[in-house]
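So that the names make sense, note that chain A is the first sequence line, chain B the second, and so on, each numbered from 1. Just so it is clear, the model here is predicted, and its values are computed rather than measured.
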There are 2 protein chains.
Amino acid sequence: MGYAHAMRDEVDDLSEAWAHERPDLDLGPVEIFSRLSRLSRHLDLARRDAFSTSGIESWEFDVLAALRRAGDPYELSPGRLLRETLVTSGTMTNRVDRLAARGLVERLPDPADRRGVLVRLTPDGKATVDSAFEALLAAEREFLAGLSGDQQSQLTDLLRRLLVPFSG
Amino acid sequence: MGYAHAMRDEVDDLSEAWAHERPDLDLGPVEIFSRLSRLSRHLDLARRDAFSTSGIESWEFDVLAALRRAGDPYELSPGRLLRETLVTSGTMTNRVDRLAARGLVERLPDPADRRGVLVRLTPDGKATVDSAFEALLAAEREFLAGLSGDQQSQLTDLLRRLLVPFSG
DNA sequence: TCGGTTTCTCTTGACGTCAAGATATCTTGA
DNA sequence: TCAAGATATCTTGACGTCAAGAGAAACCGA
């Protein structure tokens, strides 16, 4: 356990370079947020990899997963979907078009609102997203190999503290 | 101190929904990586805000900061810049074009390699990136308001452990 | 010294996203 | 009942990125 003192990553180099150029600044935030950004990028690549085995792309998973989480009958409005996935309406129209063309979702008229549409997971879409989610979890578990169970809990707690102000 | 038990964020909802639909899966990784992704998105927005005060965009800062960190005379090759910022060569050509048009960098022939070019920060570019970096640090410090100094150190250490496998 | 390979930068074409706007429908209050 | 505003979805045009490849120059082993 430990060896923290011996570990060095790319951000240590970056931070050291900044410290040399701007010794007047406190670089504490950089140590955290540069790592967070870079991890997020690496994570995106790992996700892409994991999903390619299941034959889908990351954006497809984002939409399918939102529908899957909604539970039976696995349907949400485009508006709800774009709020869940943080994209604009034009993007969501395009995504649903392509997912429908692949047979992973279908568009239904909303019986309660004639302006509205419901996007529903097909059986094929459900099988696809379930298999992709399992592949994702496996890939993410590898990502976490360097952390003990305790450390994983600590990290979860610390990240939640940062995220809470944005939730609500 | 504490109150961790009382905190709840958007990922707790997401995770709960998954747990309801897939009680057979261990969702530990989701608790960490969904938060990491979302924090990264919020961070991007905060960066954009911070930079808009200095009159630049995030992608401009990324390039200018790499040059600034290089130290006097603040010049790097396009190839080095694209490796630092993780974009493709076509993208870097476009970025340097636009930064040069704004007078923040200039292109010089590389005296040591006639294929090559050096991108150098202008005095204007240096002043711009310095002011933007200070604004960024201020914004990031606010982001960290919910964490004690000890917690910030813990988080830095845990993130470094995750990042080390990708460095080197 | 010469030929093949590597390295460096820029160009091109396709694609996904966004912002703004159009259209259709619903809701609300007078 | 009706008009005004809100809401839901789709359409359009512009833009930045990427992947692939072209062209020029450098490197290196024979």
Query - Paired nucleotide for dA30(C) [Watson-Crick or G-U wobble; both distances under 3.5 Å] - result: dT1(D)
Report task. Answer yes or no: is there an ion pair linking R48(A) with D44(A), defined by an N-O contact shorter than 4.0 Å? Result -> no
Query raised in the report: Which residues within residues 59-94 of chain B lie with some heavy atom under 4.0 Å of an atom in DNA chain C?
Result: S77(B), P78(B), G79(B), S89(B), G90(B), T93(B)
Report summary line: Residue pair G116(B)/E57(A) against DNA chain C: nearer the 5' end by closest nucleotide is G116(B)
Query - Any residue meeting ring-ring contact (aromatic ring centres under 6.0 Å, His included) with W59(B), in chain and number order, not counting sequence neighbours - result: none
Query raised in the report: Run the salt bridge (Lys or Arg N to Asp or Glu O under 4.0 Å) check on D72(B) and R120(B) step by step: do they pass?
Result: CA-CA 10 Å; D72(B) 198 27; R120(B) 179 192 293 169; over 6 Å; no
Query raised in the report: More than 12 heavy atoms of other residues, nucleotides or ligands under 6.0 Å from CZ of R141(A): is that the case?
Result: yes
Requested in this report: Applying ring-ring contact (aromatic ring centres under 6.0 Å, His included), name anything that partners Y74(B), two or more places apart in sequence or on another chain.
Outcome: none
Query raised in the report: Is it true that W18(B) and L159(A) fall in one hydrophobic cluster, defined by side-chain heavy atoms closer than 4.5 Å?
Result: no
Report task. Tell me, please, which residues at least two apart from E16(A) pass salt bridge (Lys or Arg N to Asp or Glu O under 4.0 Å). Result -> R8(A)
**Report entry** Pairwise 5' ranking along DNA chain D for D97(A) and R115(A), keeping only the more 5' one
**Finding:** R115(A)
Requested in this report: Mind jotting down which residue pairs meet the salt bridge (Lys or Arg N to Asp or Glu O under 4.0 Å) criterion with at least one end in residues 129-139 of chain B? Sequence neighbours excluded, please.
Outcome: R22(A)-D130(B), R22(A)-E134(B), R68(B)-D130(B)
Query raised in the report: Taking for each residue the nucleotide of DNA chain C bearing the nearest heavy atom, is the 5' side occupied by D113(A) or by R95(A)?
Result: R95(A)
Query - chain B footprint on DNA chain C, 5' to 3' - any atom under 4.0 Å from a heavy atom - result: dT7(C) to dT11(C)
